[in-house]
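Here is how names work: the chains are called A, B, and so on, in the same order as the sequence lines, proteins then strands, and each is numbered from 1.
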There are 2 protein chains.
Amino acid sequence: MPKLDLFQFTPFRINRLAAEISAALSSEYRDRYGIDIPEWRVLATLGFRQEPCTAQYVVDCTRTHKSTISRAVTNLLRQRIVERVENEQDRREFALQLTAKGTALYEEMIPRMLRREQDILSCLSARDRKSLDAMLGKLERSLDLVQGKIPQASRKAGN
Amino acid sequence: MPKLDLFQFTPFRINRLAAEISAALSSEYRDRYGIDIPEWRVLATLGFRQEPCTAQYVVDCTRTHKSTISRAVTNLLRQRIVERVENEQDRREFALQLTAKGTALYEEMIPRMLRREQDILSCLSARDRKSLDAMLGKLERSLDLVQGKIPQASRKAGN
DNA sequence: GTGAGATAGTTGCATTTGAGACTATATCAA
DNA sequence: TTGATATAGTCTCAAATGCAACTATCTCAC
């Protein structure tokens, strides 16, 4: 009889690990800043990419459902963390960018988030990290999760 | 100004990867067998561990919330995939095990699931897989996700 | 024994989420 | 132009989920 040990089943292990890491990280932005996961993803996308970009671009980058991103953007607008301007060339879309408040929040959060990442990875040697990075890269490419697939939203949204 | 590239941020990468793998796998059991993720976890736990065990044991193994497991068990009972008997020694708990139907389902599903896993890992060499396995193991131990923490439910539930 | 605290499992409630319909706009071909 | 199709973003609805309260039972100290 064929058997499957969940503890050795890679999909399960990765899922469980992801959930645990998520929980460890989200306490940082949820408790301290009142930001939830979708909001954090929007913030991180806009903050990294200094140019304005569309909600659709965030959807493509983060692989998060568009209704989820839409709601996150609404919340961030209400909190004045993000602002948006209609694109004159294409009036279906809006160019999103961080406000001064949003930028300040981003700059305050990032070092904390990076520190948390380091805490989580602290059980791995430099060589291990390289190796993990390589494995993730291969899996991402194989599953079509690569950056190359992401449209250059800036060209449209930016000007 | 400190920046953080989501695409290089390990927690995000692992999360996105997990979501993608989950989606790829769940189509197998959801579309074909009408089983959802929590139900699959119960099924996999009971099928692997041939002895009866408690819902709490499944909770510990899978790190899934007990209300989620409770509902999954209810569904599996209704579908006659799982059966349970009250433990005479401790009448708070029930010993869960697969029915004949459940065992047949398990045996049909497992090879498919293993094949899916192999498909996903097919982008990795044997050496890569060992390496990935080692990385996951280190992270799991570091985050206290290790099997060692799982109680031997069989002693109580089994007899 | 008795009472305090722990544990297994269920359930109600509020939140989150994804699917998909919907509006408005853009593109492109005839 | 016009009509067909595609896309950005919002909204409604239903399903999934976690939390916390609850019941029933067990354990253990006194």
Side-chain angles (χ1 to χ4, degrees), chain A residues 15-16 18-20 22-23 26-27 30-31 34-42 52-78 82-96 150-157, chain B residues 15 18-20 22-23 26-27 29-31 34-42 52-78 82-96 150-157:
Chain A
N15 246 282
R16 200 178 49 160
E20 202 73 10
S22 239
S26 73
S27 65
R30 187 173 39 77
D31 297 348
I35 297 288
D36 68 14
I37 291 181
E39 287 164 17
W40 151 248
R41 289 185 176 177
V42 174
C53 50
T54 66
Q56 184 57 45
Y57 176 77
V58 179
V59 166
D60 293 332
C61 284
T62 64
R63 300 249 165 170
T64 307
H65 196 277
K66 66 177 179 169
S67 60
T68 303
I69 294 299
S70 172
R71 283 185 275 252
V73 168
T74 301
N75 293 340
L76 293 171
L77 287 170
R78 193 164 26 228
V82 157
E83 61 193 1
R84 68 181 187 182
V85 291
E86 223 178 59
N87 178 348
E88 289 303 323
Q89 270 64 55
D90 185 339
R91 299 195 13 261
R92 290 171 303 181
E93 63 181 39
F94 300 90
L96 301 172
I150 291 154
Q152 294 304 308
S154 60
R155 241 182 297 132
K156 287 167 76 182
Chain B
N15 247 281
E20 202 72 9
S22 239
S26 73
S27 64
Y29 43 81
R30 185 173 40 78
D31 297 347
I35 296 288
D36 67 15
I37 292 181
E39 286 165 16
W40 152 248
R41 289 184 175 178
V42 174
C53 49
T54 67
Q56 185 55 48
Y57 176 78
V58 180
V59 166
D60 293 332
C61 285
T62 64
R63 300 252 166 166
T64 306
H65 196 277
K66 66 177 181 170
S67 61
T68 303
I69 294 299
S70 172
R71 284 184 270 252
V73 167
T74 301
N75 293 339
L76 293 171
L77 287 170
R78 195 170 16 234
V82 157
E83 61 193 0
R84 68 180 188 182
V85 291
E86 224 179 57
N87 178 348
E88 289 302 324
Q89 270 64 55
D90 184 342
R91 300 199 8 262
R92 288 172 305 181
E93 64 182 37
F94 300 89
L96 300 171
I150 291 155
Q152 293 305 307
S154 59
R155 243 183 294 131
K156 287 167 76 182

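Atoms CZ (B:Phe94) and P (C:dT10) sit 6 Å apart, rounded to a whole Å. The separation between B:Ile35 atom CD1 and D:dA15 atom C1' is 17 Å, rounded to whole Å. What separates CD of B:Gln89 from P of C:dA8 is a distance of 16 Å, to the nearest Å. If you measure from atom CG of A:Asn75 to atom C1' of C:dT17, you get 14 Å, rounded to the nearest angstrom. As a whole-Å value, the separation of B:Leu77 CG from C:dG9 P is 12 Å. Between the CG atom of A:Asn87 and the C1' atom of D:dG9 there is a distance of 13 Å, given to the nearest Å. Rounded to whole angstrom, the span from the CD1 atom of A:Ile69 across to the P atom of D:dT7 amounts to 19 Å. The distance between atom CG of B:Asp90 and atom C1' of D:dT23, rounded to the nearest whole Å, is 14 Å.
The side chain of A:Ser67 contributes no N or O atom lying less than 4.0 Å from OP1 or OP2 of D:dT10. In this model, the phosphate group of D:dG18 is not approached by any side-chain N or O of B:Arg63 to a distance below 4.0 Å at OP1 or OP2. Under 4.0 angstrom from either OP1 or OP2 of C:dT27 there lies no side-chain N or O belonging to A:Arg91.
Side-chain contact check for B:Thr54 versus B:Leu96: every heavy-atom pair is 4.5 Å or farther apart. At least one side-chain heavy atom of B:Ile37 sits less than 4.5 Å from a side-chain heavy atom of B:Tyr29. With contacts defined as side-chain heavy-atom distances shorter than 4.5 Å, the pair B:Glu93/B:Gln56 does not qualify. B:Asn87 has its side chain out of reach of B:Arg91: every pair of non-hydrogen atoms, C-beta onward, lies at least 4.5 Å apart. The closest side-chain heavy-atom distance from A:Leu77 to A:Arg84 is below 4.5 Å.
Among the protein residues, B:Thr68 comes within range of the sugar-phosphate backbone only, with heavy atoms under 4.0 Å from sugar or phosphate atoms but none that close to a base.
In terms of polar N and O atoms assigned as donor or acceptor, the side chain of A:Arg71 comes within less than 3.5 Å of the base of C:dG18 in a complementary pairing.
Nearest to the side-chain atoms of A:Pro38 among the listed nucleotides C:dT25, C:dT17, C:dG20 stands C:dT17. Nearest to the side chain of B:Arg84, among D:dG9, C:dG9, D:dT25, sits C:dG9. Considering only side-chain atoms of B:Glu93, the nucleotide from C:dA26, D:dA20, C:dG9 that sits closest is C:dG9. Checked against D:dA6, C:dT11, D:dG9, the side chain of B:Ser70 finds its nearest nucleotide in C:dT11. Here the side chain of B:Lys66 is nearest to one of C:dT10, C:dA24, C:dA19, namely C:dT10. Side-chain proximity of B:His65 to C:dT10, D:dT10, D:dG18: nearest is D:dG18.
Toward the 5' end of DNA chain C, the nearer of the two residues B:Thr74 and A:Ile37, judged by each one's closest nucleotide, is B:Thr74.
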